[in-house]
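One structure below.
Heavy atoms only: backbone and side chains are in, while hydrogens, waters and symmetry mates are out.
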Amino acid sequence: MAHTDYNSQDIKILEGLEAVRVRPGMYIGSTGPKGLHHILWEIVDNAIDEAANGYADKVEVVLYKDGSVSVEDNGRGIPTDIHKQAGVSGVQVVFTQLHAGGKFNNDNYSFSGGLHGVGASVTNALSEWLEVEVYNKVVYKMRFHSYYDASRKKVISGEPVAPLEKTKIKTDKHGTFVRFKPDAKVFETVEFSLETIAKRLRELAFLNKGITIKLTDLRDDDKFFNKTFKYDGGLVDYVLYLNEGKQKLYDLPVYAKTEKDGILIEFAIQHTDSYTESVFSFVNNIPTPEGGTHEVGFKSGVTRILNDYAKSNNLVKEKDVVFTGEDFREGMTAIISVKMKNVEFEGQTKTKLGNPEAKSAVESATVEELDKLIKNKKNKQIFDAMIKKAVGAAKARNAARHAKEVARAKSGADSAKLIGKLASCSSKKAELNEVFIVEGDSAGGSAKQGRDRQHQAILPLRGKPLNAEKKRIEEVLKNEEIRTIISALGTGIGNDFNIANLNYHKVIILSDADQDGAHIRAILLTFFFRYMKQLVQDGHVYIGMPPLYKVYKKDVTVYAYDDNELQKAIDKVGRGYQLQRYKGLGEMNPEQLWDTTMDPQKRVLMQVTIEDAAEAEKLITTLMGDDIDGRKAYIAEHADFNKEDSFMNKVNV
């Protein structure tokens with residue numbers, strides 16, 4: 001591992017820590033689960049930056065019973081000497097000054113994921129307490145806390161309990177240990193999700209070849225969890241992980257790593273018999289689900305080199321086959337990871353790379369590296385398979401052109417069918433409008449009668465839509481239910497998708513709380529993910545949550561949306577209550593459906609988001625693809641087979 005001199009003078013202070021408590025959303029996005037995990041990522045990112053820049057090779061995350069979490073790395077350790085400008089230790093500066101760190105010039109870090117966030121100081125400010133230990137021949141310790149100061153009538157955030165202490169404890173270790181407890185007065189929930197943390201740490205291990213990342217959960221004595229993520233194959237292992245359960249066209253992914261114009265560029269590619277592309281990009285370990293200049297450069301490079309290969313080797317016999325970029329990417333799973341300085345993000349969620357220099361660097365690097373691989377005769381079979389797949393895609397694309405035109409049509413036979421199905425709303429303002437995709441005619445009838453006709457449209461499905469995971473686009477478009485949805489939304493699909501044409505800014509899936517309803521939800525979400533991904537990325541897709549129970553007596557009625565709420569509803573109604581369990585939406589009359597599920601003031605909606613696009617890809621492949629063994633294993637791991645139905649015990653108690 002590399003070592004350089006690193007002291008407190010390398011830490012640049014841009015501004016003091018102010019107002020984080022007053023407006024936490026400005027710094028971490030929200031005070032919900034996403035914001036809670038954000039303050040953990042700030043600390044994890046710092047540890048990973050040490051590793052990614054060659055100063056560490058181990059990171060460990062531990063979840064404790066008291067609700068706290070720790071992150072430890074074996075890097076250089078936060079500087080402990082006195083910062084001349086601040087007059088306090090480097091440790092105190094890092095945890096009390098917003099935007100203070102060693103990443104604002106390029107002397108200590110070639111590139112940094114931590115710079116994407118707002119620093120360890122925000123984690124400290126939003127924690128009940130935070131402890132840090134630095135290991136550098138001896139152990140240095142410091143503790144911070146947040147408390148209400150009655151004399152000043154305000155909460156003091158992240159204040160040092162005492163200056164940094166240089167203990168007499170000698171150590172052979174080097175690095176930093178940070179443990180903190182999120183403040184329950186700030187966050188809606190302070191319970192960390194093991195699954196969310198494990199997914200991100202797995203991703204980081206894939207992106208940083210050879211680094212050992214350990215995760216331990218000590219919160220439940222009966223469910224002790226300990227897992228180590230380490231992938232010596234890096235991106236190659238990542239692609240193989242994503243393609244588990246898929247039919248691969250060649251055994252091992254194509255891999256390259258190079259540097260171009262000061263940008264470190266790494267990618268891995270493998271094709272399967274799938275009909276969709278799955279390209280995932282990262283900048284300095286940060287996911288960029290909206291893509292950006294690096295992804296554009298990569299795709300352009302792949303198109304250029306494979307076009308040249310097909311022509312120079314006379315692999316295309318048919319004169320009418322003219323390739324587009326999407327032909328070469330059909331069935332492609334690819335990871336593109338770049339590491340660079342002075343990153344500029346754009347887009348609403350800051351997950352799209354804007355640096356123009358990244359496009360040209362990545363494009364030329366992709367062409368050069370793939371050209372080297374092509375010239376190795378051992379790889380001929382691999383690249384021939386890529387071209388064969390692209391030829392099939394081009395032919396299918398031509399065959400699908402007519403089907404797409406039919407699906408896009410706003411008039412003619414499809415529109416006539418749509419008029420009979422879709423109960424539109426009177427408002428023309430798409431941003432105020434919502435469409436409920438409802439399972440079955442009976443529920444659709446109640447929804448049409450109970451809705452707000454100005455802003456709510458109803459689209460009943462009379463049959464199950466096609467599973468888009470297993471079919472090519474022209475097959476998907478033959479399905480009447482899918483065509484109806486496309487026509488109603490107005491955006492088009494695939495490369496023709498245009499979010500500006502969306503007729504309803506809320507697309508709400510409303511299905512029964514049974515197996516058939518869950519299957520319809522899964523099919524619709526799969527279709528949106530595969531062919532209208534931006535619809536999900538931009539937060540337009542929701543799942544309506546109808547109640548499971550009605551608890552009532554005389555003039556008192558309380559609805560419960562899950563088993564946890566049922567007891568609260570019973571307690572609220574009191575003795576002598578009656579209990580009804582809904583089997584389907586069709587059992588509700590229009591007034592009940594409006595009151596429980598459609599009224600914006602009372603209803604419960606679950607917004608569908610893609611926190612991790614690669615994991616979403618993996619999950620959809622597992623649940624909706626052909627890998628039966630993988631699906632069984634997932635269900636066995638996540639389903640609760642021991643859950644008892646206590647409904648009859650609570651009826652008329």
Taking atom NZ of Lys359 and atom OG of Ser364, what is their separation to the nearest 0.5 Å? 9.5 Å
Can you name the side-chain hydrogen bond (donor to acceptor under 3.5 Å, both in side chains) partners of Ser360, sequence neighbours left out? none
With sequence neighbours left out, what residues match Ser281 under side-chain hydrogen bond (donor to acceptor under 3.5 Å, both in side chains)? Thr288, His294, Glu295
Do side-chain atoms of Asp327 reach the backbone of Thr324 as a donor and acceptor pair under 3.5 angstrom? yes
Checking side-chain contact (heavy atoms from CB on, under 4.5 Å) against Phe267, which of Thr258, Thr366, Val362 comes through? Thr366
Take a 6.0 Å sphere around CD of Gln247 and say whether it holds more than 12 heavy atoms from other residues, nucleotides or ligands. no
Work out which heavy atom in Ala268 is nearest to a heavy atom in Val236; give both atom names and the distance. CB-N, 4.1 Å
Between Glu277 and Lys299, is a salt bridge (Lys or Arg N to Asp or Glu O under 4.0 Å) present by the stated rule, with each step listed? CA-CA 11 Å; Glu277 67 175 83; Lys299 289 178 178 179; 3.5 Å; yes
Take Arg76 and His174 through the side chain to side chain contact (heavy atoms under 4.5 Å, CB included) test and state the conclusion after the steps. CA-CA 6 Å; Arg76 295 169 293 178; His174 53 87; over 6 Å; no
Glu259, CD atom: more than 12 neighbouring heavy atoms under 6.0 Å: yes
Test your reading of the model: is there a side-chain donor-acceptor pair from Glu344 to the backbone of Gly354, 3.5 Å cut-off? no
Modelled atom types, side-chain donor and acceptor of Asn243 and Thr333, under 3.5 Å: yes
Within a 6.0 Å radius of atom CG on Asn376, are there more than 12 heavy atoms belonging to other residues, nucleotides or ligands? yes
Thr351 side chain vs Pro289 backbone, donor-acceptor pair below 3.5 Å: no
Would you say the side-chain atoms of Tyr250 pair up with the backbone N or O of His271, donor to acceptor, closer than 3.5 Å? yes
If you measure from the Lys or Arg side-chain nitrogens to the Asp or Glu carboxylate oxygens, is any gap between Arg329 and Glu326 under 4.0 Å? no
Between Asp57 and Asn74, do the side chains contain a donor N or O and an acceptor N or O under 3.5 Å apart? yes
Just checking, any donor-acceptor pair under 3.5 angstrom between side chains of Asn479 and Glu481? no
Below 4.0 angstrom, N of the basic side chain to O of the carboxylate: do Arg483 and Glu480 qualify? no
Donor-acceptor under 3.5 Å (Asn498 side chain, Ala500 main chain): yes
Check against side chain to side chain donor-acceptor pair (under 3.5 Å), Asn208 and Asn285: CA-CA 8 Å; Asn208 297 276; Asn285 295 318; 3.0 Å; yes
Under the side chain to side chain contact (heavy atoms under 4.5 Å, CB included) criterion, do Phe328 and Asn307 qualify, and how do the steps go? CA-CA 9 Å; Phe328 293 117; Asn307 241 328; 3.9 Å; yes
Under 4.0 Å between a side-chain nitrogen and a carboxylate oxygen: does that hold for Arg304 and Glu363? yes
Which class fits the ring pair Phe206 and Tyr238: parallel under 30°, tilted 30 to 60°, perpendicular over 60°? parallel
Polar side-chain atom of Ser487 near backbone of Thr484 as donor-acceptor pair, under 3.5 Å: no
Between Lys246 and Asp273, does at least one N-O distance fall below 4.0 Å, as a salt bridge requires? no
Do the side chain of Asn467 and the main chain of Glu469 share a donor and acceptor less than 3.5 angstrom apart? yes
At what distance, to the nearest 0.5 angstrom, does CD1 of Ile335 lie from CD of Gln270? 11.5 Å
Give the intermediate values and the outcome of side chain to side chain contact (heavy atoms under 4.5 Å, CB included) for residues Met340 and Glu357. CA-CA 10 Å; Met340 60 187 293; Glu357 68 273 20; 3.8 Å; yes
In terms of ring plane angle, is the pair His505 and His540 parallel, tilted or perpendicular, where the classes change at 30° and 60°? perpendicular
Lys/Arg-Asp/Glu bridge criterion (N-O < 4.0 Å) met for Glu203, Lys199: no
Side-chain donor/acceptor of Asn53 to backbone N/O of Asp49, under 3.5 Å: yes
Does the distance from a Lys or Arg side-chain N to an Asp or Glu carboxylate O, for Lys339 and Glu266, drop under 4.0 Å? no
Any chance you could lay out the side chain to side chain contact (heavy atoms under 4.5 Å, CB included) test for Leu306 and Met386, step after step, and finish with the verdict? CA-CA 8 Å; Leu306 292 184; Met386 289 185 189; 4.0 Å; yes
Do any N or O atoms from the side chain of Asn379 and from the backbone of Leu373 form a donor-acceptor pair under 3.5 angstrom? yes
Kindly compute the distance separating CD1 (Ile437) from OH (Tyr542), expressed to the nearest 0.5 Å. 14.0 Å
